[in-house]
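Naming: A, B, ... by sequence-line order, numbering from 1 per chain.
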Amino acid sequence: MRLSKLPLATLRETPAEAEIASHRLMLRSGMVRRLASGLFTWMPLGWRVARIVERVTRQEMERIGAHEILMPAVHPAELWRESGRWEDYGDLLLKMRDRGEREYCFGPTHEEVITDIARRELRSYRQLPVSFFQIQTKFRDEIRPRFGVMRAREFIMKDSYSFHLGEESLSDIYGDYRQAYSRVFERLGLNYRVVQADSGEIGGSRSQEFHVLADSGEDLIVWCEGDDFAANLELAPALPPEGDREAPGDAMTEAHTPGMRTIRQVAEHLDQPLENCLKTLLVKAEGGGVVALVLRGDHEVNELKATGLPEVAKPLALANAQEVAQAASCPPGFVGPVNLSVTTYVDHAAGHRANFACGANRRDKHFVNVNWGRDLPEPECVDLRNAVEGDRSPGGGGSLQIARGIEVGHIFQLGDKYSRSMNAVVLDENGAEQHMQMGCYGLGVTRTVAAAIEQNHDERGIIWPEAMAPFSLVIVALNIARDEEVRATAEQLYAELQSQGVEVLFDDRDASPGVKLADADLIGLPHRVVVSARGLKQGTLEYKHRRADDAERLSAAEAADLLADRARR
RNA sequence: CGGGGUAUGGCGCAGUCUGGUAGCGCGUCUGCUUUGGGAGCAGAAGGUCAACGGUUCAAAUCCGUUUACCCCGACCA
C-alpha cells in the first residue's frame, strides 16, 4: 500500500475526548473516528487490524469444528419475552418498533436466536454435539460508553454456541474452546491470563475469562505462578492466616478519637498499624435491618462473597446513618463488634488479630487492646475480603500475584437455562425428549484491538505485535520527490518485498523526514526500513525494529531478501 | 440515573467576567526555498461562535430553554 494513496490523517494533537492510551493512539493514527457516543467508524488502517483478529479467530474456531453462520442483528421481541430477558436484560437492550408497531431489539447477544435455531433444526442426539459461531456487530446501550472502542455501544464480537446431550459432552467442548481461545491470543502475541470468573446473570455453572494484561484494565485478576490457580479478584478465595493467634495482652480500654471516621485516621491517631485496626461495616440485610461485616483496616470487602452470606441484601449496600444509629447507637465510623447485637460476620484475617483496635459504638470513641474470646465472644469467621498480593494461593503453589486486565473473552457452560425456558429438546437413544445442554463463548474482536494497543505502546505511538500489525513493514523513503536514486531504490524494494509476500506500507509521500519518521513510530509497524541519500552513498539501507533502540545498516543489494525473511508472516 | 464539566473553521485552544468588525497554533490549498526526527517565507480557502427563544441600537459575550459530548460514581455475558 502506498501511503500517498491512503487517505490517512494522523493527528499531531490528541482530540480532547480521549483519556486512555489506546483511544488516543487510535484517533491519532487514524484507525477509528467517532460518530456519536460509543459509535465508531473503523478507518482503513484500523479495519485491517480488526480483520486480522477476525481471521485468526475464525481459523481457530474452524479448527475445533465450529460452523460459521450469520444471525440477524435485529431480533423480534417475542423471542426475548420467551426467555424472560426482554425485561431482565434491562436498559442495555436497545428496543425499537417497525412500521407495524411490532417490537424488536438490536441483539446484544444471541442465545435466544441460536436456541430458536437449535430447537427447529436439531431433533436427535445423533446430531450432537454441534457448535456454531458468528462474527458480527452487537449493540449494547451502555450507561456510560468510554475508552473509545474498548467500551463502545456498537462493537464486533465473535460469539459461539454449543449444544449437547449431557454435561460431559458440554465439558469436553468447553475445554476445546478454552484451548482455541488460548491459541487465538497466543497467536496474536498478547500477554494474557485465563481466570475463573463469575457466571453472573447469564447463569450456568462454570465460566472463565480471558484477560489481556494492561495497567489500564478495569478488572483485577489474581494468579499464582507456582500452581495453576487464576481467578478474577471477585472470585479469588482469601485463605485464613496460618499459625496461632497472638495471646491477649493488656486489658481493653477506651480511647478518645474525636471526629475520626475513617480507619486510616483512627490508625494514625492511635499509632496502630492499619492491619491491627478492625473496621465494622454495617450493610443492609434482606428484608430490613442490618448485618455487620468485620474486616482488617487494610482489607477490602468483596461484594460477591458478602452477598453470598445469609441475610445480606443483594446488591451489597451500606446502611444509612439512621440505620447505623439504630443498630449501634453511634454515627458511622465508630461502629465495632463489641456488644453489637446484630448478626456479625468476621473475616478470617480479622478473626486472627489479637490486641486490636475497633469502634466502641459510641461517638468519638474506639477500643484498644481488644481480644476475641476475652472482650467479646469468639467470632464466626468467613471469607469476606478481596485477596491481596502475597496471599497464599488456594492452589498451594505459593503466593498470589495481582494485575489489571482487560476482559477480551468469556466462556460459559450454560447448562439448560435457555433450552429449558425455550423448550429446546432432542430425542435421546431411548426416544425420550431431553433438554439440550448449552455452552456459549464470546470473544471481543474490536476490544482486542484496543487491548493490544493498551498493552503495547510507548510515548511515540503503537508497538504492534508482529501478528496484529496492519502491515508488517514500512518503507520510509526520505526526500523521495527530489532524489531519483532514493525513489528508484525504494520502488524496487517495495516491488520485491511485495512479490516475496510481505505486507508492505510504502511511505512515498513528499513530506519532511521528521513527519515521516514520527508517523512511522505512531502507526507502529514492527519493521521499518529507511531509504535515504545518505545511506545509499555507502550502499546501505537502515533497518530498525519498532521495539529496538538503535538502527542497523543493511547492504542495499541484500536488503530485500533479508527483510523478507524477517517480516514475512 | 446522581455529581462535575465542555460546546468558537478538520484538530488543539484564546476571546465570554466588563456586549461594539471572530482570533491564535496545527492541518489544508498555491508558489518559491528547504530536507535524517513533526521546515522557512509569501499568499489563500475554510466559522449562521451547538440549537431555539429573549434582553439590547448592537449578543460568541447577558438571561431562559433544549441538545450533544466528556469526566467521576452507580451500572455492566
Next on the checklist: Under 6.0 Å from the ring centre and within 45 degrees of the ring axis: does the NZ or CZ of A:Arg153 meet both conditions for the six-membered ring of A:Phe106?
Outcome noted: no
Checklist outcome for this item: Ranking B:A74, B:C70, B:G36 by distance to the side chain of A:Arg534, first place goes to B:G36
Item to check | Out of B:G73, B:U35, B:C13, whichever nucleotide has its closest atom nearest the side chain of A:Arg482 | outcome: B:U35
Checklist entry - B:G19 pairs with which nucleotide, Watson-Crick or G-U wobble, both distances below 3.5 Å? => result none
Item to check | B:C1 pairs with, by Watson-Crick or G-U criteria that keep both distances under 3.5 Å | outcome: B:G73
Checklist entry - Of the nucleotides B:G38, B:G25, B:C75, which has the atom closest to the A:Ile143 side chain? => result B:C75
Checklist outcome for this item: Ranking A:Lys544 and A:Arg146 by the position along RNA chain B of their nearest nucleotide, the one closer to 5' is A:Lys544
Item to check | Gap in Å between the two C1' atoms, one belonging to B:U33 and one to B:C70, rounded | outcome: 44 Å
Checklist outcome for this item: Paired to B:A7 by Watson-Crick or G-U wobble criteria (both distances under 3.5 Å) is B:U67
Checklist entry - Counting only Watson-Crick or G-U wobble pairs whose two distances fall under 3.5 Å, which nucleotide matches B:G43? => result B:C29
Item to check | A:Ser37 side-chain N/O to B:C70 phosphate OP1/OP2 under 4.0 Å | outcome: yes
Next on the checklist: I want to check one thing: is the phosphate of B:C71, taken as OP1 and OP2, less than 4.0 Å away from some side-chain N or O of A:Arg144?
Outcome noted: yes
